[in-house]
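We name chains A, B, ... by the order of the sequence lines, and we start the count at 1 in each one. The basis for the numbers below is simple: all heavy atoms, side chains too, and nothing from hydrogens, waters or symmetry mates.
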Number of protein chains: 2
Amino acid sequence: MANSKLYKGSLSTIILKLLDEEGKMYGYEITQKVKQLTKGELKITEGALYPALHKLEAEGLLDVEVAKVDNRLRKYYKLTEQGEKETVNRLAELEEFIRSMETLLNPKWKLL
Amino acid sequence: MANSKLYKGSLSTIILKLLDEEGKMYGYEITQKVKQLTKGELKITEGALYPALHKLEAEGLLDVEVAKVDNRLRKYYKLTEQGEKETVNRLAELEEFIRSMETLLNPKWKLL
DNA sequence: CAAATATACATAAATTTCTTATGCATAAGT
DNA sequence: ACTTATGCATAAGAAATTTATGTATATTTG
């Protein structure tokens, strides 16, 4: 996998948001969903994803449930109650960041 | 200084964009400008800013010019020709990232 | 006028987060 | 048979930042 440009810090928020929308997902599914939704612009690498999932779980924001499909293992993650609250916070933070970036990138202030 | 949430990777692009708009700026001025434009949402710390400026200079994207104002030192930075080209690229990348994030955060896809 | 704040640069240690490189295993396509 | 897709995982290294300092001058404030 080559370039993706994720801007460090946004990954866990993306995960939380997807789980909030989809209810439950497993790791591989998340990588494919992000690739599909962003038309290949964002590629979540496994080396980033799995540690991130484990961390979110350790923080008590995710619950895991193991399933076996076609003799292959899947680990389904879903938000805990605490995870849902934290999702709200992180989304607000990320959206605030995006608004700030747009302010900087669309310099209406140049006119002032 | 407390929270700012810069999302690693965006700092150098912010610097390049500001210099593209303002022509030339010195470090401290950049921190204040970002704080002002984002109404305090984004705070560039000095520990991040100065190494970033030095790196951009080392990469040949910035030129420096030292000035003394009120017996205090200022290092004015401005884009080199190469810096102007690179600014275009990095802005495009960052805007692409923002579009991707908005796709993920505003799930019209939930309706599909 | 002494102390605090603002201006202005800088660097180093530690932390966080990610990339790259592996590794294992099963299923499906060619 | 071989490659690609599915599915998990970890470790080493790189990159970008935070936090903590350090130095120095100017201005504001009690």
**Student:** Given the structure, check if the side chain of A:K8 and the base of C:dT17 hold any donor-acceptor pair shorter than 3.5 Å.
**Tutor:**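 Indeed there is one.
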**Student:** Is the backbone of A:D63 close enough, under 3.5 Å, to the side chain of A:T80 for a donor and an acceptor to pair up by distance?
**Tutor:** no
**Student:** Would you call A:E95 and A:R99 a salt bridge, taking side-chain N to carboxylate O under 4.0 Å as the test?
**Tutor:** no
**Student:** Figure out the CD1/P separation between B:I14 and D:dA16, and round it to whole Å.
**Tutor:**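 In whole Å, D:dA16 P and B:I14 CD1 are 14 Å from each other.
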**Student:** Just checking B:K68: base, sugar-phosphate only, or nothing, at a heavy-atom cut-off of under 4.0 Å?
**Tutor:**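 Answer is nothing: B:K68 stays at 4.0 Å or more from every strand.
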**Student:** To the nearest Å, how far apart are A:Y7 OH and D:dT17 P?
**Tutor:** 10 Å
**Student:** What's the shortest heavy-atom distance between A:Y77 and A:L19, and which atoms?
**Tutor:**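 Closest heavy-atom pair between A:Y77 and A:L19: O-CD2, 3.2 Å.
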**Student:** Verify, without hydrogens or angle tests, whether B:T13 (side chain) and B:L91 (backbone) share a donor-acceptor contact under 3.5 angstrom.
**Tutor:**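 No, because the side chain of B:T13 does not come within donor-acceptor range (under 3.5 Å) of the backbone of B:L91.
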**Student:** In whole Å, I'd like the distance from the CG atom of B:L49 to the C1' atom of D:dT19.
**Tutor:** 16 Å
**Student:** Does B:R90 come within less than 4.0 Å of B:E86, counting only side-chain N to carboxylate O?
**Tutor:**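 Yes, this pair counts.
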**Student:** In whole Å, I'd like the distance from the CG atom of A:D70 to the P atom of C:dG29.
**Tutor:** 11 Å
**Student:** Specify the separation, in whole Å, of atom CG of A:L42 and atom P of C:dC18.
**Tutor:** 11 Å
**Student:** Hey, which of these two, A:N71 or A:A52, hits DNA chain C nearer its 5' end, going by closest nucleotide?
**Tutor:**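 Looking at the nearest nucleotide for each, A:A52 comes out on the 5' side.
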**Student:** In whole Å, I'd like the distance from the NZ atom of A:K43 to the P atom of C:dT19.
**Tutor:** 12 Å
**Student:** Rounded to whole angstrom units, what separation is found between the CG atom of A:L11 and the P atom of D:dA15?
**Tutor:**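 In whole Å, D:dA15 P and A:L11 CG are 19 Å from each other.
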**Student:** Are any of the side-chain nitrogens in A:K33 or A:E29 under 4.0 Å away from the carboxylate oxygens of its partner?
**Tutor:** no
**Student:** Are the ring centres of A:Y7 and B:Y7 closer than 6.0 Å?
**Tutor:**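 Centroid distance A:Y7-B:Y7: not below 6.0 Å, so no.
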**Student:** What does the B/S/- profile of nucleotides 2-12 of chain C look like, 5' to 3', with a 4.0 Å heavy-atom cutoff to protein?
**Tutor:** ----SBSBBB-
**Student:** Whole-Å distance between C:dT16 C1' and A:K55 NZ?
**Tutor:** 7 Å
